[in-house]
Peer 1: 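First the structure, which I've put down as structure tokens, then a few questions once you've had a look.
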Amino acid sequence: MQFILADQGFHWSDAQFLLIGALHTLLVSVLAGGIGTCGGIVLGWLRHVSTGIRVVTTPYVDITRSIPLLIQLILVNSALSMSGNAFSTFWLSIIVLSSSMTVVTSEVVRGSLGSVPYAYIRAARSLGMGYFQTLFHISAPLALRTGLSAWIGLLLGLTRDTALVSVVGYVEFMKSAQILISRTNETLPLLLGVGLFYFVICYPVSRYSAHLQRGIAS
Amino acid sequence: MIEIRSVHKKFGEVEILKGIDLDVKKGELLCLLGASGSGKSTLLQCINGLEPIQGGSITVDGVNVHAKDTNLNRLRQKLGIVFQQYNAFPHLTALENVTLALRLVAKRSRSDARAIAKKHLEHVGLGDKVDLLPTRLSGGQQQRLAIARALAMEPAYMLFDEVTSALDPELVGEVLDTMRLLKSEGMTMVVVTHDISFARQSGDRVAFLHSGRVCEVGTVAEVLGSPRDERTQRFLQRDSRA
């Protein structure tokens with residue numbers, strides 16, 4: 001009896017397969033980054049202005065920040081399957097990553113808003129500017145200076161963390177690489193290639209943020 | 001006219017102002033003197049409603065500052081205030097510092113606001129600094145910028161809260177000169193200061209505060225020349241020795 005092993009070599013279709021995985025990673029990063037940033041700005045501002053909201057949301061913030069994303073993905077996946085709600089693995093990933101990004105961003109936003117010296121706010125209000133005028137024209141730009149580099153760090157972290165969504169079966173870049181590795185046994189070149197890809201996405205973002213920082217500081 | 005009537009102000013349990021009565025008349029320069037912690041700065045911030053009060057009343061041209069239905073943002077256009085430090089918004093150029101409230105609060109057009117701002121910056125001697133960020137300005141220039149920014153709103157009163165206290169000695173003069181310029185133009189001013197020589201030269205009246213009360217008020221000649229209250233005498237003696 002003879003076993004016919006799967007073809008172990010690389011094919012052009014593999015490149016296409018990897019490319020789709022890479023696009024999935026980008027899509028998840030951009031979508032979860034966008035939702036999480038918007039959510040984080042709102043949540044962070046609410047937690048900055050209202051003690052009540054801060055107290056009520058603290059358990060959510062603490063739990064989301066403290067439990068590893070890997071566990072959150074598996075728990076939410078199990079909870080959703082048990083409750084009979086059919087979410088695609090894509091949306092499940094988006095929900096969990098956005099929630100995590102929202103929480104970590106909200107803390108950066110809250111800290112940055114809190115770091116704006118009261119004297120500037122007082123100066124703005126004394127000119128007759130209203131609360132929201134002061135928030136948009138004084139507090140927010142000054143908070144942005146403080147929080148920008150921390151937020152970029154979170155965004156880069158999120159992009160790397162998207163690799164975790166492979167555990168719930170979403171075929172993003174990491175998962176597609178793993179699938180190819182198990183077929184071809186070419187572990188090293190594939191992992192190096194995948195690592196390089198994450199670097200290629202993250203490095204320009206990090207350079208651009210350094211450029212922005214210099215612009216703001218001058 | 002600003003009328004201050006038995007104003008009480010507490011921070012938590014601590015009573016800072018214990019019944020202040022004071023008038024500011026149109027066109028005068030009233031200096032508020034007193035030791036640190038006597039409540040001078042707090043009183044100034046109560047006048048433009050930055051701080052709530054727990055008793056008494058403050059009226060500015062007949063408008064009760066702390067009444068619920070008072071539009072504070074409108075009232076504050078009448079009351080320019082300059083603080084000890086951190087006045088200039090660090091992310092905006094000198095010109096933008098001045099145009100911001102002109103556009104947002106006074107609802108001027110962009111070009112109107114620029115013209116008004118330039119006029120006031122030139123007035124305080126910053127005509128060549130309009131495009132600089134505050135970090136490029138000296139402390140004295142930042143204070144003059146703050147004065148121009150407040151003046152641009154065309155206030156009826158200017159309140160000064162120890163505006164020279166955080167400055168290097170060589171920068172004090174230019175700020176005091178700017179204040180004297182305003183005085184010569186007839187601006188009504190309330191000046192919280194430790195600078196007794198400024199009060200002597202430029203003030204019309206002086207109020208001496210001691211632990212939350214006005215213990216002496218009168219013309220410069222009366223209060224600084226022949227103080228009746230023992231605490232004023234001690235304060236002035238300490239100052240002349242220093």
Side-chain angles (χ1 to χ4, degrees), chain A residues 37 40-41 44-45 48-52 54-55 105 108-153 208-218, chain B residues 41 44-51 70-93 96-107 132-136 142-143 145-155 157-161 163 166:
Chain A
T37 300
I41 289 171
W45 172 68
H48 173 71
V49 287
S50 159
T51 315
R54 185 157 72 241
V55 170
T105 305
V108 168
V109 169
R110 187 169 74 90
S112 306
L113 283 174
S115 76
V116 174
Y118 173 67
Y120 294 132
I121 294 163
R122 184 180 64 178
R125 298 307 300 272
S126 76
L127 287 165
M129 288 168 63
Y131 174 80
F132 284 102
Q133 289 178 331
T134 306
L135 179 66
F136 289 126
H137 294 275
I138 307 297
S139 309
L142 292 178
L144 186 67
R145 295 175 149 200
T146 319
L148 182 66
S149 62
W151 174 76
I152 295 284
Y208 182 61
S209 94
H211 169 75
L212 277 183
Q213 285 286 316
R214 273 197 301 277
I216 286 172
S218 72
Chain B
S41 297
L44 220 53
Q45 295 189 37
C46 290
I47 293 178
N48 84 347
L50 283 170
E51 290 290 347
T70 299
N71 183 339
L72 268 182
N73 291 338
R74 183 177 302 162
L75 182 72
R76 281 173 183 152
Q77 292 181 59
K78 232 182 208 187
L79 294 157
I81 185 165
V82 181
F83 299 99
Q84 188 173 344
Q85 57 192 130
Y86 302 119
N87 280 296
F89 305 131
H91 59 302
L92 301 176
T93 65
E96 289 164 347
N97 258 279
V98 185
T99 54
L100 184 65
L102 280 172
R103 293 182 51 211
L104 294 177
V105 182
K107 307 290 181 201
L132 295 186
L133 285 170
T135 44
R136 297 295 180 87
Q142 289 189 30
Q143 291 302 67
L145 166 58
I147 294 173
R149 190 175 65 190
L151 284 177
M153 304 301 287
E154 292 173 354
Y157 305 89
M158 282 291 290
L159 315 176
F160 293 87
D161 185 5
V163 289

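All values reported here derive from a predicted model rather than from experimental measurement. Here is how names work: the chains are called A, B, and so on, in the same order as the sequence lines, proteins then strands, and each is numbered from 1.
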Peer 1: Among Pro117(A), Ser126(A), Ala123(A), single out the residue with the greatest number of heavy-atom pairs under 4.5 Å to chain B.
Peer 2: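 With the most close heavy-atom pairs to chain B, the winner is Ser126(A).
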
Peer 1: Select, from Ala106(B), Gly49(B), Pro90(B), the one with the greatest count of heavy-atom pairs under 4.5 Å involving chain A.
Peer 2: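 Going by pairs under 4.5 Å, I would pick Pro90(B).
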
Peer 1: Counting heavy-atom pairs closer than 4.5 Å to chain A, which one of Asn71(B), Asn48(B), Leu50(B), Leu92(B) comes out on top?
Peer 2: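 With the most close heavy-atom pairs to chain A, the winner is Leu50(B).
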
Peer 1: I'd like to know whether Leu100(B) forms a side-chain contact (heavy atoms from CB on, under 4.5 Å) with Ile138(A), so could you lay out the CA-CA distance, the side-chain angles of the two residues, the decisive distance to 0.1 Å, and finally the verdict.
Peer 2: CA-CA 10 Å; Leu100(B) 184 65; Ile138(A) 307 297; 3.7 Å; yes

Peer 1: Please examine the side chains of Leu72(B) and Arg125(A), heavy atoms only from C-beta on, and report whether any two atoms are closer than 4.5 Å.
Peer 2: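 A side-chain contact under 4.5 Å is absent here.
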
Peer 1: Examine whether an atom of Ala152(B) lies under 4.5 Å from a heavy atom of chain A, and if so say whether it belongs to the side chain, the backbone or both; otherwise answer neither.
Peer 2: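 Contact with chain A: none, neither part.
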
Peer 1: Write down the atom of Phe89(B), the atom of Tyr120(A), and the distance for their closest heavy-atom approach.
Peer 2: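 In this case the closest contact between Phe89(B) and Tyr120(A) is CE2-O, 3.4 Å.
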
Peer 1: With a 4.5 angstrom heavy-atom cut-off, is it the side chain or the backbone of Leu104(B) that approaches chain A, or both, or neither?
Peer 2: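 It is both, since atoms from each part get that close.
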
Peer 1: Atom CG in Leu127(A), atom CG in Asn97(B): separation rounded to 0.5 Å?
Peer 2: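 If we round to the nearest 0.5 Å, Leu127(A):CG and Asn97(B):CG are 9.0 Å apart.
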
Peer 1: Where on Gln84(B) is there a heavy atom nearer than 4.5 Å to chain A: the side chain, the backbone, both, or neither?
Peer 2: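 Nothing of Gln84(B), per the 4.5 Å heavy-atom cut-off to chain A.
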
Peer 1: Is the backbone N or O of Ala101(B) less than 3.5 Å from a side-chain atom of His137(A), with the two atoms forming a donor-acceptor pair by type?
Peer 2: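 Here the side-chain-to-backbone pair does not exist.
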
Peer 1: Let me know if Pro155(B) has heavy atoms under 4.5 Å from chain A in its side chain, its backbone, both or neither.
Peer 2: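 For Pro155(B), neither part sits under 4.5 Å from chain A.
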
Peer 1: Only heavy atoms, only distances under 4.5 angstrom. Which residues in residues 76-83 of chain B are near chain A?
Peer 2: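 Those residues of residues 76-83 of chain B which have a heavy atom under 4.5 Å from chain A are Arg76(B), Gln77(B), Leu79(B), Ile81(B), Phe83(B).
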
Peer 1: Go through the structure and list residues passing side chain to side chain contact (heavy atoms under 4.5 Å, CB included) with Leu144(A), not counting sequence neighbours.
Peer 2: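 Side chain to side chain contact (heavy atoms under 4.5 Å, CB included) check on Leu144(A) returns Leu148(A).
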
Peer 1: Hey, is OH on Tyr208(A) packed in by over 12 heavy atoms from elsewhere, all under 6.0 Å?
Peer 2: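 Atom OH in Tyr208(A) is not packed in, count stays at 12 or less.
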
Peer 1: Taking side chain as everything from C-beta outward and backbone as N, CA, C, O, which of these in Arg149(B) sits under 4.5 Å from a heavy atom of chain A? Side chain, backbone, both or neither.
Peer 2: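 Interface part for Arg149(B): both.
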
